[in-house]
Structure formats: C-alpha cells, structure tokens
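Numbering starts at 1 and runs along the sequence shown.
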Amino acid sequence: MNTFLQVLTRSGIGWSAGAAGFFTYLLAFDLGFFITVPAAVGTSLLAFYTTKQIQKQMWLKKNGITRREYLFITRNLKEAKIKINRLQRQQLKVRSLGAFRQILELNRLSKRIYQLAKREPRRFFKAESFFYYHLDSVVEITEKYTFLASQPGKDKEAFRSLQQTKTTLDELSLSLEQDLRKVLADDMDTLHFELDFAKKRLEEQKTIK
C-alpha cells in the first residue's frame with residue numbers, strides 16, 4: 001500500500017505545506033522565528049499524515065475492503081510469510097534432487113498465492129483454504145520429511161514413512177494448485193470473456209467483408 005509514488009506524493013505535500021506555513025506564520029502573523037519553526041513543522045506533519053490517511057482510504061475503496069478487513073488480512077499475511085520462510089529453509093536441508101524440486105515447487109506455489117493476496121488483499125478470501133489449512137500442512141510435513149531424510153541408518157519403516165510423506169506432499173502440491181486457480185478465477189473469467197468478445201468481433205468483420 002505504501003508505494004514509492006505514494007510516499008513521494010505525501011512527502012511533497014508535507015514539505016510544501018510546511019514551507020507555506022513557515023512564510024505565512026512568519027510574515028502574515030508575525031509570530032517570530034522561534035514559534036514559526038515548530039508551527040511550520042507541525043503543519044508539515046499534519047499535511048503528511050492527513051494525505052497518508054486519504055491515500056489509505058482511497059486504496060481500501062479501490063480494493064473493495066474495509067479497514068477492519070485490511071487489518072485482519074495483514075495479520076494473516078504476516079503469519080503466512082513466517083511459514084513460507086520456514087518452508088523455504090527446507091530446500092537447503094535436502095540432498096535428493098527430486099525432493100529439492102518438490103519443495104521448490106511448493107515454495108513457488110505458496111509464494112505466488114501470498115504475493116497475489118498481498119498485492120490485492122480481496123483475493124485473500126478466495127485463498128482461505130491455503131492460509132488456514134494447506135500452508136500449515138505443507139510446512140509441517142515438509143519439515144518432518146527433511147528431518148526423516150537427514151537421519152542416518154534408516155530402516156524399512158523409515159523409508160516407508162519417507163515415501164508416505166513424499167506422497168502426501170505431492171497431494172498437497174495439487175491442493176496448492178487448486179488454491180491458486182481459485183485466486184485467479186476472476187482473471188480467467190475476464191480473459192475468456194475478452195477472448196470470446198474478440199472472436200465475435202473478428203467473425204463479424206469477416207461477415208461484413
């Protein structure tokens with residue numbers, strides 16, 4: 001939400017308001033230099049934070065969410081970021097190329113869903129199954145898998161557990177793919193609509209010719 005352009009805009013407004021306030025207080029109201037300076041600084045800060053609140057309200061309206069929903073989503077995104085970092089660390093703990101690729105794919109899907117929800121918070125509600133269930137399962141089972149794989153002298157039972165865990169991770173990878181499709185569902189519907197519209201226009205043009 002706090003993009004560089006937004007920060008630059010409110011900083012510019014704050015400095016401009018402070019400068020204008022400085023000359024107004026000093027020349028028009030003749031408050032004296034030692035009163036004018038803190039008054040101008042206060043004006044600058046007031047303009048800065050007022051602009052920030054206006055930008056925040058405009059951003060929330062654009063994304064179709066309330067402030068309460070935004071705070072709720074932000075809290076869940078912070079928790080998800082910690083879990084994704086845990087998942088990412090597991091890539092360094094595996095020795096098998098196959099396991100590395102599997103965990104890499106889980107990381108890729110998880111990051112993609114997270115980034116989409118962070119950029120457009122309203123998408124969060126379409127990925128609730130990911131944030132509430134699948135991500136937790138992926139992290140916990142991946143950590144269990146890398147722990148078992150790192151143990152020396154594995155017996156048949158250990159190998160069986162590893163294979164079962166790997167199979168479960170494959171199933172969870174499919175679940176993450178479904179979560180991602182849910183998040184992108186509106187985009188796909190829009191794309192199909194635009195393609196159908198473009199196809200119809202092309203057919204009409206051919207008919208006219």
Plane angle bin for Phe124 and Phe72 - parallel if under 30°, tilted between 30 and 60°, otherwise perpendicular: perpendicular
Over 12 foreign heavy atoms within 6.0 Å of NZ, Lys83: yes
Joint hydrophobic cluster, Trp15 plus Val37, side-chain heavy atoms closer than 4.5 Å: no
Distance in Å, Thr142 OG1 paired with Lys144 NZ, rounded so as to fall on 0.5 Å steps: 11.5 Å
Any side-chain heavy-atom pair of Leu184 and Arg123 under 4.5 Å: yes
Shortest non-hydrogen contact from Glu69 toward Gly64: OE1-O, 4.4 Å
Joint cluster assignment, Ile13 & Val41, ILVMFWY side-chain distance < 4.5 Å: no
Stepwise side chain to side chain contact (heavy atoms under 4.5 Å, CB included) test for Arg101 and Leu97: CA-CA 6 Å; Arg101 288 176 176 173; Leu97 181 59; 3.7 Å; yes
Asn76 side chain reached by Glu79 side chain, heavy atoms, under 4.5 Å: yes
Between CD1 on residue Ile103 and NZ on residue Lys166, distance to nearest 0.5 Å: 10.5 Å
Close side-chain approach of Tyr145 and Leu162, heavy atoms under 4.5 Å: yes
Side chain to side chain, Arg181 and Gln178, heavy atoms closer than 4.5 Å: yes
CZ (Phe23) with more than 12 external heavy atoms under 6.0 Å: no
Tyr49-Leu46 co-clustered via ILVMFWY side chain contacts under 4.5 Å: no
Residue pair Asp179, Phe131: steps toward the side chain to side chain contact (heavy atoms under 4.5 Å, CB included) verdict: CA-CA 10 Å; Asp179 291 334; Phe131 288 103; over 6 Å; no
